[in-house]
*Asks:* 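Here you go, one structure.
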Amino acid sequence: MAKDVIIACDFSSSEATLNFLDRFEGGRKPFVKIGMELFYGAGPEIVRQIKSRGHRIFLDLKLHDIPNTVRKTMKVLSALDIDMCNVHAAGTVEMMKAAVEGLVREDGTRPVIIAVTQLTSTSEERMHDELLIGGALKDVVVKYASNAREAGLDGVVCSPLEAGMVKEACGSGFVTVTPGIRFADAAADDQVRITTPARAREIGSDYIVVGRPVTAAEDPVAAYERCCREFLGEN
Ligand code: C5P
């Protein structure tokens, strides 16, 4: 699996997103993450538009429903020609298997599918008190990642600081997609467990997801290229 930098296009409209992506015309085409806000607001057309410009797309909708619904929904998303999508591992192995089944296209291809283990916004305390899930949060992350692997998924979204642990439990080929990336000389914003692109590379992340350090930069193309240099080790 080739490593890459994914830009989180957390914009609220198609117009803002496409204006942002215009800046990258003529250069390296970034792998783009589309989240719930943009997809629910702009609809599937935004996926087609970005795809037609030659970008790869991670559709970050985090499906979590009964297996039959997830299977049928994944069939719809797969037809959009996306490159990566995700589900909540909490939906169980059966649900994750259904997701993979739904994604397989008639020609046998399918997008990469990864699972969310525990959201990084969930503290260990809340996991115990509200979700009634005991034990250490890191053990839950590893167990959910193992469930995802058993279900035939390709990997998980996790904190870069959890990537090594997940690889150890699920194998080096199991993909880790890691948000929470900041340049060494930048503000953390609301992210807590962060690391730099270079450190994420050392830890073994396969894909880093970078939002504001690129989207809010004075020169987003330069910031994106800096991420690529630091993460991919390119000159
Ligand atoms: O702007 P920033 O680089 O913090 O954006 C990170 C992106 O990754 C956002 O789209 C955020 O929703 C997403 N994300 C995250 N932590 C997770 C899962 C997704 O920050 N655990």
Side-chain angles (χ1 to χ4, degrees), residues 4-13 16-17 20-21 30-42 46-47 50 55-64 82-91 112-124 126-127 131 137-138 140-142 144-145 148 153-163 165-166 175-201 203 205-218 220-228 230-231:
D4 211 345
V5 173
I6 302 177
I7 302 182
C9 282
D10 294 324
F11 299 104
S12 56
S13 70
T17 310
F20 171 76
L21 292 176
F31 200 136
V32 164
K33 179 171 93 73
I34 299 177
M36 290 188 214
E37 183 188 8
L38 183 60
F39 188 78
Y40 293 147
I46 187 64
V47 174
I50 296 177
H55 297 272
R56 289 195 288 159
I57 295 181
F58 168 20
L59 191 56
D60 179 18
L61 299 183
K62 301 185 178 72
L63 270 62
H64 187 177
I82 53 167
D83 299 279
M84 186 184 285
C85 60
N86 57 2
V87 292
H88 272 283
V112 167
I113 173 169
I114 56 179
V116 176
T117 53
Q118 278 292 340
L119 292 168
T120 46
S121 50
T122 306
S123 67
E124 191 165 81
R126 283 182 192 270
M127 187 185 81
L131 306 182
L137 196 136
K138 65 176 178 40
V140 176
V141 169
V142 167
Y144 281 23
L153 271 66
D154 303 297
V156 290
V157 188
C158 61
S159 150
L161 309 172
E162 290 159 359
M165 220 164 57
V166 167
V175 173
T176 53
V177 178
T178 62
I181 303 294
R182 289 295 178 270
F183 292 122
D185 49 5
D189 300 313
D190 55 351
Q191 294 282 18
V192 181
R193 304 183 66 207
I194 55 172
T195 197
T196 62
R199 182 74 190 121
R201 174 179 174 218
I203 297 170
S205 297
D206 294 297
Y207 294 89
I208 52 171
V209 176
V210 190
R212 287 160 292 180
V214 171
T215 56
E218 215 165 285
V221 176
Y224 168 66
E225 283 169 354
R226 180 178 172 190
C227 276
C228 293
E230 292 188 12
F231 180 62

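Ligands are counted one by one from 1 in listed order, and the atoms in each one are counted from 1 as well.
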*Asks:* Pull out every atom of ligand 1 sitting under 4.0 Å from any heavy atom of Ala8, numbered as shown with elements.
*Replies:* 7 (C), 10 (O)
*Asks:* Quick one: does Thr120 get an N or O within less than 3.5 Å of an N or O on ligand 1?
*Replies:* yes
*Asks:* Please check if the side chain of His55 supplies one atom and the backbone of Pro30 the other of a donor-acceptor pair under 3.5 Å.
*Replies:* yes
*Asks:* Donor-acceptor pair, Asp154 side chain versus Ile114 backbone, under 3.5 Å?
*Replies:* no
*Asks:* List every atom of ligand 1 that sits less than 4.0 Å from any heavy atom of Pro213, numbering the atoms from 1 in the order shown and giving each element.
*Replies:* 3 (O)
*Asks:* Give the ring-plane orientation class for Phe31 versus Tyr207, where under 30° counts as parallel, over 60° as perpendicular and anything between as tilted.
*Replies:* perpendicular
*Asks:* Would Val209 count as a polar contact of ligand 1, with the cut-off being nitrogen or oxygen pairs under 3.5 Å?
*Replies:* no
*Asks:* Which option, Met36, Gln118, Lys33, owns the non-hydrogen atom nearest atom 13 (C) of ligand 1?
*Replies:* Lys33
*Asks:* Go through the structure and list residues passing side-chain hydrogen bond (donor to acceptor under 3.5 Å, both in side chains) with Lys138, not counting sequence neighbours.
*Replies:* none
*Asks:* Record the part of Ser159 in heavy-atom contact with ligand 1 below 4.0 Å; permitted values are side chain, backbone, both and neither.
*Replies:* neither
*Asks:* Using the rule given for side-chain contact (heavy atoms from CB on, under 4.5 Å), can you reason through Ile82 versus Val47, listing the C-alpha separation, both sets of side-chain angles and the distance that settles it, and then say yes or no?
*Replies:* CA-CA 8 Å; Ile82 53 167; Val47 174; 3.8 Å; yes
*Asks:* Can you name the side-chain hydrogen bond (donor to acceptor under 3.5 Å, both in side chains) partners of Asn86, sequence neighbours left out?
*Replies:* Asp60
*Asks:* Taking the basic N atoms (NZ, or NE/NH1/NH2) and the acidic carboxylate oxygens, is any pair closer than 4.0 Å for Asp4 and Arg201?
*Replies:* no
*Asks:* Check each atom of ligand 1 against the heavy atoms of Asp10 and keep those under 4.0 Å away; list them by number with element.
*Replies:* 9 (C), 10 (O)
*Asks:* Examine ligand 1 and decide if any of its atoms is less than 4.0 Å from a heavy atom belonging to Gly35.
*Replies:* no
*Asks:* Heavy-atom distance to atom 18 (C) of ligand 1: which of Ser121, Gly211, Ala216, Pro179 wins?
*Replies:* Pro179
*Asks:* Evaluating non-hydrogen atoms only, which member of Glu162, Arg212, Glu37, Lys62 is closest to atom 1 (O) of ligand 1?
*Replies:* Arg212
*Asks:* Which atoms of ligand 1 sit under 4.0 Å from any heavy atom of Arg182?
*Replies:* 1 (O), 2 (P), 3 (O), 4 (O)
